[in-house]
Undergrad: 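The structure that follows is given in the form of structure tokens.
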Amino acid sequence: MKKTGADILVQCLLNEGVEIVFGCPGGANLPIYDAMYRAGVRHILVRHEQGGAHMADGYARATGKVGCCMATSGPGATNLVTGLGTANMDSVPVVAITGQVKSWLIGNDAFQEADVVGITRPVTKHNYLVKNVDELAQTIKDAFHIARTGRPGAVLVDIPSDVQLAETEFIQPREVSLPGYKPRVEGHPGQIQRAIDALNAAERPVLYVGGGAISSGACPELLELAEKGRIPVTCTTMGLGAFPGGHELSLGMLGMHGSQYANNAVQDSDLLIAVGARFDDRVTGQPETFAPQAKKIHIDIDPAAISKTVPVDIPIVGDVRDVLVQFNRQINREEPTEWLNQIEKWRRQHPLKWKSEDGKLLPQYVIHRISEMTQGNAIVASDVGQHQMWVGQYYRFNRPRHFLQSGGLGTMGFGLPAAIGAAFAGLPDPVVCISGDGSIQMCIQEFATAVYHRLPVKLFIINNGHLGMVRQWQELFYGNRIMASDMTGNPDFARVAEAYGAVGLHVEHAEEVDAAIDKALSTKDNLVVVDFIVEPYENVWPMVKPGTAINDMMGTISEMA
Amino acid sequence: MIGRHTVGVLVANRFGVLARVSGLFSARGFNIASLAVGETEDPSVSRMTIVVEADGPTLEQVKKQLNRLIDVIKVQELTSDGMVDRELIMIKVSISPETRTEILQIAEIFRAKVVDINQKSFIIEATGDENKIVALVELLRPFGIKEVVRTGRIAVSRGPKTIA
């Protein structure tokens, strides 16, 4: 029996295990919407396509499944760009389906036409324009395969509306066969052996863990390795949760706003094992000065990530989990007592803490209380800026897939829709978004999506009336010339929330914090927005001066035990 | 140290692949000196020869990033002593009754062919490596070059080894 392209597409999505689609309809994808209606696909109408892409992304980060979003041609598709770039930079599997104008109109500057494959090429792992309905089923199969395997990423499939309407025999696609795409899963045995020998011989090893450890599902193996080898572990922001934050070997976050003790440990290490991390410039500081005495091992599924910014001594291309299993079989080393003592000394000398000031509501305190009151078990989406770094510092993540944030692209507007996406996954843990007054206004219209679906998302706005990180940089590096970072004109967010039908709370004093968090956590059927009016000039400390080594930190609190 | 490197790339013969490859170079700030592309013996596969100006680490990145593209099947660096390379050039050069013979002699020395002629100009076609092509252009320059068109380098490795 013949089927339309739209019906074939929907069948293929269901075959790929898609449970939910985030999107917005328009002229060029109406046949797909009609087919979804008839097939009973669960679809979430978003208020802006960017929100849809971030929701698919948040769903994927929280569940490990492929997120799916949809948009019409032209402006619908271009609105996906930021969301696809965000997902792709952080190696999150997302498949976007876009409608395109009729194939004979492509290139004619038709109404709502854009070269979507051209526009999204730099922000996706791969993309397709399907010109013939007979290619559709195979293309969808390939697209999902590319999105979820190797280093995961975003894939876009652009489908002209006439292809959606064209009829053909539905043939089950054959197994994926892409001659140019064969990700290497197993690490090279010789390299692995060299790495294990180096580890067994190391006196001051450190594990430097990124998001790849989470996406490959390597967290149990990582814990085993750290404990067997007594190796301290520091995580990138993307890696937070890969290793329990409360563990005695945990050093928390490293890099620009990491702890002094994590950065000291990295800089003084004689062996640095990068696990699914990519030596981002926010981590390494000036690359030539990064961990200068350390032999560097880099385990990553993406060969292009290896030696890109920092030369590596022992590269291992492969799936992190596979490789760590082999490490654990052969690890045989004594407790590096002296090294762990040294790290403890640094930890006591330069603890990660804030200076309390009477009467001021400090953002660190708010985040600390959220962490305490959720016992580190919430799925926390954050936006981008100061609050994001404070979350990295003061929310103690215990488990993987619980910190959803735009690490690579640094996308303001990501947090709320990502939290909504995660909330739709129906996981048992509470879903929290910690945002800033600047960030939240970049996708604030998704309040409607959350409220309509009665999602119990808790949105905590750390409102300092500024684009806080910009202001901090202007203060420190631009002679305190506060240009265009003052957000005067902000609305009353609690009332905005109420206007959308959510619960809105306004907090200005430290003693009101717990009650507000408690109210948010106990509300089970609605979005709760808590607007925390915090000290406007608080800075994120400590901080690595841009262009210097990462142990050269400003704003460290010194305390001798 | 920045040098010129030749990279052979097998790609799926599909629309948009050239844009993907060239887009990768522009997006990452890699310098392409030349890029030549054509179908191979297998019509589903095209081969590109890319000459890239880069230092060692950048060349490594170029190769790795090319390999990352889904449509790229194989990437191989070709070294100058391990490859045969050619470029095709067509030069439209001004002629006069006094210069015609001299230009023809030059063309002959370079084993170049005159493929079009009229009262005022020749079109001379030549193939060879880059040095030869440059030398020919320089010799013809004094006569008045009206137009030049070059393919860029194509290259294949010596011996029985193939890229595939």
Side-chain angles (χ1 to χ4, degrees), chain A residues 85 88-89 91 103 106-107 115-132 135 139 142-143 145-147 149-151 153-158 176-184 278-279 287-288 298 300-312 315 317, chain B residues 1 5 7-32 35 37 39-50 52 54-77 162-164:
Chain A
N88 202 51
M89 279 282 265
S91 314
S103 44
I106 291 177
D115 171 15
V116 172
V117 165
I119 290 169
T120 59
R121 194 179 292 130
V123 295
T124 51
K125 184 173 174 185
H126 196 56
N127 61 12
Y128 293 94
L129 168 63
V130 181
K131 285 178 153 176
N132 185 330
E135 297 166 5
T139 303
D142 292 353
H145 176 75
I146 291 168
T149 55
R151 176 176 178 170
V155 179
L156 178 137
V157 184
D158 196 31
V176 173
S177 158
L178 298 162
Y181 181 68
K182 293 192 179 75
R184 189 188 172 103
R278 60 190 182 92
F279 294 83
E288 302 80 51
H298 189 181
D300 206 296
I301 192 123
D302 179 8
I306 286 173
S307 293
K308 189 168 61 178
T309 50
V310 173
V312 171
V317 176
Chain B
M1 209 185 67
H5 306 272
V7 183
V9 188
L10 287 184
V11 299
N13 187 6
R14 207 175 285 150
F15 73 92
V17 177
L18 179 60
R20 261 181 226 286
V21 170
S22 59
L24 182 152
F25 277 76
S26 62
R28 294 187 182 268
F30 302 143
N31 277 335
I32 302 183
L35 193 160
V37 55
E39 208 173 282
T40 63
E41 73 284 3
D42 174 353
S44 70
V45 176
S46 288
R47 178 163 171 153
M48 296 182 178
T49 307
I50 304 174
V52 55
D55 59 15
T58 311
L59 178 66
E60 272 308 300
Q61 265 300 306
V62 167
K63 290 191 283 182
K64 285 173 173 173
Q65 294 293 345
L66 281 169
N67 260 316
R68 229 181 172 196
L69 297 178
I70 309 291
D71 287 329
V72 167
I73 300 163
K74 194 96 186 238
V75 179
Q76 186 189 40
E77 188 188 346
T162 62
I163 188 172

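Nothing here was measured: the structure is a model prediction, and the numbers come from that model. Just so we're on the same page: letters track the sequence lines, and every chain starts at 1.
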Undergrad: Are any of the side-chain nitrogens in Asp302(A) or Arg68(B) under 4.0 Å away from the carboxylate oxygens of its partner?
TA: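 Yes, charged N to carboxylate O under 4.0 Å.
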
Undergrad: Tell me, side chain or backbone of Arg20(B) under 4.5 Å from chain A's heavy atoms, or both, or neither?
TA: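 Its backbone and side chain both get close to chain A.
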
Undergrad: If we count only N and O atoms by modelled type, under 3.5 Å, do the side chains of Asn13(B) and Ser44(B) hold a donor and an acceptor together?
TA: no

Undergrad: Pick one of side chain, backbone, both or neither for Ala19(B), based on which atoms fall under 4.5 Å of a heavy atom in chain A.
TA: both

Undergrad: Please classify the contact between Asp142(A) and chain B as side chain, backbone, both or neither, with a heavy-atom cut-off of under 4.5 Å.
TA: neither

Undergrad: Check whether NZ of the Lys or CZ of the Arg Lys131(A) lies under 6.0 Å from the centre of the six-membered ring of Phe15(B) and within 45 degrees of that ring's axis.
TA: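 Flagged: Lys131(A) positioned over aromatic ring of Phe15(B).
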
Undergrad: Taking the ring centre of each residue, are Phe279(A) and His298(A) less than 6.0 Å apart?
TA: yes

Undergrad: Under 4.5 Å heavy-atom distance to chain B, tell me which part of Pro179(A) shows up: side chain, backbone, both or neither.
TA: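 Both backbone and side chain of Pro179(A) come within 4.5 Å of chain B.
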
Undergrad: Chain B: which of Ala304(A), Gly150(A), Ala305(A) shares the most heavy-atom pairs with it under 4.5 Å?
TA: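 Among Ala304(A), Gly150(A), Ala305(A), the one with the most close pairs to chain B is Ala304(A).
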
Undergrad: Checking Leu10(B) against chain A: side chain, backbone, both or neither under 4.5 Å from a heavy atom?
TA: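 It is neither, since no heavy atom gets under 4.5 Å.
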
Undergrad: Are Ser91(A) and Arg151(A) linked by a side-chain donor-acceptor pair shorter than 3.5 Å?
TA: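 There is such a pair between these side chains.
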
Undergrad: Once you round to the nearest 0.5 Å, how far does CD of Gln76(B) lie from OG1 of Thr162(B)?
TA: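 One finds 8.0 Å between CD of Gln76(B) and OG1 of Thr162(B).
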
Undergrad: Which of the residues Ile73(B), Ile70(B), Thr58(B), Asp71(B) is involved in the greatest number of heavy-atom pairs with chain A at under 4.5 angstrom?
TA: Ile70(B)

